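Only one structure is covered here, and it is reproduced in the block below.
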Amino acid sequence: QVQLVESGGGLVQAGGSLRLSCTASARTFSSDAMGWFRQAPGKEREIVAAISWTGGSLHYADSVKGRFTISRDNVKSTVYLQMVSLKPEDTAVYYCAARVGGFVATTQHGYAYWGQGTQVTVSS
């Protein structure tokens with residue numbers, strides 16, 4: 001069983017920045033792709049960004065390209081989501097997810113393990 005613990009959410013004004021972190025308990029972290037998803041009230045969960053096991057392959061939702069950056073530190077078993085130029089429409093619960101396998105998946109069905117979520121609220 002893989003445990004994922006997110007941190008870094010909070011309340012920020014539009015135009016501000018936040019960095020989310022997700023630390024995994026799995027010894028296989030370095031060989032698994034990771035993803036960040038978000039779910040706003042009344043909306044379906046959507047992918048925000050994903051990163052392959054080496055960090056060499058990245059995927060971003062169109063809505064966050066140029067503003068969000070996903071990265072990973074395999075020594076610390078941690079994946080990050082740096083968010084800048086935040087907008088009110090970025091308000092959501094953000095979830096970290098781990099895939100069994102090293103290649104990026106772009107839908108939630110490709111991920112086997114999920115964190116508890118961290119709230120990000122962007123005020124206008």
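Treat the numbers as computed from the prediction; the structure is a model and nothing was measured.
- Under a hydrophobic-cluster definition in which Ile, Leu, Val, Met, Phe, Trp and Tyr are linked whenever side-chain heavy atoms come within less than 4.5 Å, directly or via other members, Val64 and Tyr80 are assigned to different clusters.
- Asp32 contributes a side-chain N or O that, together with a main-chain N or O of Gly101, makes up a donor-acceptor pair within less than 3.5 Å.
- Of all heavy-atom pairs spanning Val84 and Gln82, the tightest one is CG1-NE2, 3.9 Å.
- Atoms CH2 and CG, on Trp36 and Leu81 in that order, are 6.0 Å from each other to the nearest 0.5 Å.
- Under a cutoff of 6.0 Å and an axis angle of 45°, Arg72 and Phe29 form a cation-pi pair.
- Between the CZ atom of Phe68 and the OG atom of Ser63 there is a distance of 7.5 Å, given to the nearest 0.5 Å.
- Judged purely by atom type and a 3.5 angstrom limit, Glu6 uses its side chain to pair as donor or acceptor with the backbone of Gly117.
- Not one N or O on the side chain of Tyr111 forms a donor-acceptor pair closer than 3.5 Å with the backbone of Val100.
- Ring-plane geometry between Trp114 and Tyr95 is classed as perpendicular, the angle between the planes exceeding 60 degrees on a 0 to 90 degree scale with a lower cut at 30.
- To the nearest 0.5 angstrom, Tyr60 atom OH is 15.0 Å from Thr106 atom OG1.
- Side-chain atoms of Ser21 and Thr78 include no donor-acceptor pair closer than 3.5 Å.
- For the pair Tyr113 (side chain) and Cys96 (backbone), a donor-acceptor distance under 3.5 Å is absent.
- Taking every heavy atom of both residues into account, Leu20 and Met83 meet most closely at CG-CE, 3.7 Å.
- One finds the OG atom of Ser30 at 11.0 Å from the CG atom of Asp73 (value rounded to the nearest 0.5 Å).
- The two residues Pro88 and Ser124 come nearest to each other via the heavy atoms CG-CB, 3.8 Å.
- Arg99 places no side-chain N or O within 3.5 Å of a backbone atom of Met34 that could act as its donor or acceptor partner.
- Pairing each heavy atom of Leu86 with each of Leu18, the nearest pair is CD1-N, 3.9 Å.
- Summarising the geometry, atom NZ belonging to Lys76 is positioned 9.5 Å from atom OG1 belonging to Thr23; distances are rounded to the nearest 0.5 Å.
- Inspection of the Thr121 and Gln119 side chains reveals an N or O donor paired with an N or O acceptor under 3.5 Å.
- The CZ atom of Arg67 sits 4.5 Å away from the NZ atom of Lys87 when rounded to the nearest 0.5 Å.
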